[in-house]
Amino acid sequence: MILGLDTATSATAVALLDPATGRSQEARDDPRPGERPRHTTGLMSLVVEKMRAAGVGWEDIRRIAVGVGPGTFTGLRIGVATAQALARARDIPLVGVSTLQSLALGAAAIAGPEENAVIAVIDARRGEVFAAGWSLADVADPRARPLLAPQAVPVEALAERLRGGRERWLAAGDGSVASRAALERSGARIPKDDSKRNRVSAIEHCRLALGLPPEPPDGVRPQYLRLPDAEINLRAARQP
């Protein structure tokens with residue numbers, strides 16, 4: 001059994017995947033607009049709840065897959081630190097998974113015949129998004145080279161990049177919803193605002209983790225892609 005965790009966005013997501021049968025299940029907490037994330041209080045509660053409901057003990061967990069981002073600075077620290085602690089305490093192999101690739105993999109399931117690429121877009125605030133894109137043929141391979149490498153980028157710059165290529169893009173994620181007008185003008189298709197394909201799922205973390213080797217817990221680190229907001233504000237305040 002693989003245990004998946006993600007706290008890169010405002011949601012807290014926990015999943016279990018049985019590699020032998022392919023069966024999966026997820027528990028999650030999605031704050032309503034305006035509510036603060038509940039990673040600190042909710043993550044371990046969801047882990048315990050999901051394992052108990054599935055009749056799974058720690059002796060059944062063969063691997064932990066944690067989303068390493070990009071995403072919110074505090075959320076990533078909580079998720080990665082929790083996964084590291086569990087891996088050490090239970091002596092369970094740990095795998096870090098790209099939250100963007102996981103989001104893209106989930107969205108790929110609804111790609112139409114006219115689309116050949118999928119891009120995950122997470123709201124990074126400050127007029128930017130975190131984004132990365134893969135061909136539909138490669139998105140399930142965690143070792144595949146992306147068409148668009150993970151980056152923090154202004155929305156309009158991303159829209160221009162999508163407009164200038166030959167790919168026919170499916171875009172998904174809260175960043176694609178927030179930037180719908182600009183991305184749709186570039187030719188990308190975006191699921192409806194309330195589609196579950198715009199949410200990060202820890203089930204996809206588990207699936208990607210099957211194709212990655214475990215790492216020492218200290219070797220799994222968050223991928224922030226940019227400085228935390230507090231550091232950006234401090235540097236701006238120091239400008240003459």
Solution key, residues 163-173 side-chain donor-acceptor pairs under 3.5 Å, sequence neighbours excluded:
residue: R163; atom: NH1; partner: E160; partner atom: OE1; Å: 2.5
residue: R168; atom: NE; partner: E114; partner atom: O; Å: 2.3

* Asked: With the threshold set at 4.0 Å, does a side-chain nitrogen-carboxylate oxygen contact exist between D138 and R143?
  -> no
* Asked: For L183, which of V177, I119, L158 qualifies under side chain to side chain contact (heavy atoms under 4.5 Å, CB included)?
  -> L158
* To do: Before accepting this row, confirm whether a basic side-chain N of the pair R38/D29 lies closer than 4.0 Å to the acidic partner's carboxylate O.
  => yes
* To do: Examine distances only and state if a side-chain atom of N198 and a backbone atom of K192 form a donor-acceptor pair shorter than 3.5 Å.
  => yes
* Can L17 be reached from M51 by stepping across I, L, V, M, F, W or Y side chains whose heavy atoms are under 4.5 Å apart? -> no
* Atom pair CZ (R199) and CD (E204), whose distance is rounded to the nearest 0.5 Å -> 12.0 Å
* Asked: What is the distance from atom NE2 of H39 to atom OG1 of T12, rounded to the nearest 0.5 Å?
  -> 5.0 Å
* To do: Could you walk me through whether E26 and K50 pass the salt bridge (charged side-chain N to carboxylate O under 4.0 Å, His left out) test, one step at a time?
  => CA-CA 7 Å; E26 184 175 48; K50 179 48 58 181; over 6 Å; no
* To do: Report the C-alpha distance between L43 and L5 in whole Å, list the side-chain angles of each, state the deciding distance to 0.1 Å, and finish with yes or no for side chain to side chain contact (heavy atoms under 4.5 Å, CB included).
  => CA-CA 8 Å; L43 181 56; L5 315 173; 4.3 Å; yes
* Quick one: which of L16, T82, I61, L3 gives a side chain to side chain contact (heavy atoms under 4.5 Å, CB included) with V47? -> L3
* Asked: Hey, is R189 close enough to E184 for a salt bridge, meaning N to O under 4.0 Å?
  -> no
* What's the spacing between L225 CG and F130 CZ if we round to 0.5 Å? -> 6.0 Å
What donor-acceptor contacts under 3.5 angstrom involve side-chain atoms of residues 93-105, with partners at least two apart or in another chain?
residue: S98; atom: OG; partner: L100; partner atom: N; Å: 3.3
residue: S98; atom: OG; partner: Q101; partner atom: N; Å: 3.0
residue: T99; atom: OG1; partner: D6; partner atom: OD1; Å: 3.0
residue: T99; atom: OG1; partner: G69; partner atom: N; Å: 3.1
residue: Q101; atom: NE2; partner: V139; partner atom: O; Å: 2.9
residue: Q101; atom: NE2; partner: D141; partner atom: O; Å: 3.0
residue: S102; atom: OG; partner: S201; partner atom: O; Å: 3.2
residue: S102; atom: OG; partner: H205; partner atom: N; Å: 3.4
residue: S102; atom: OG; partner: H205; partner atom: ND1; Å: 2.7

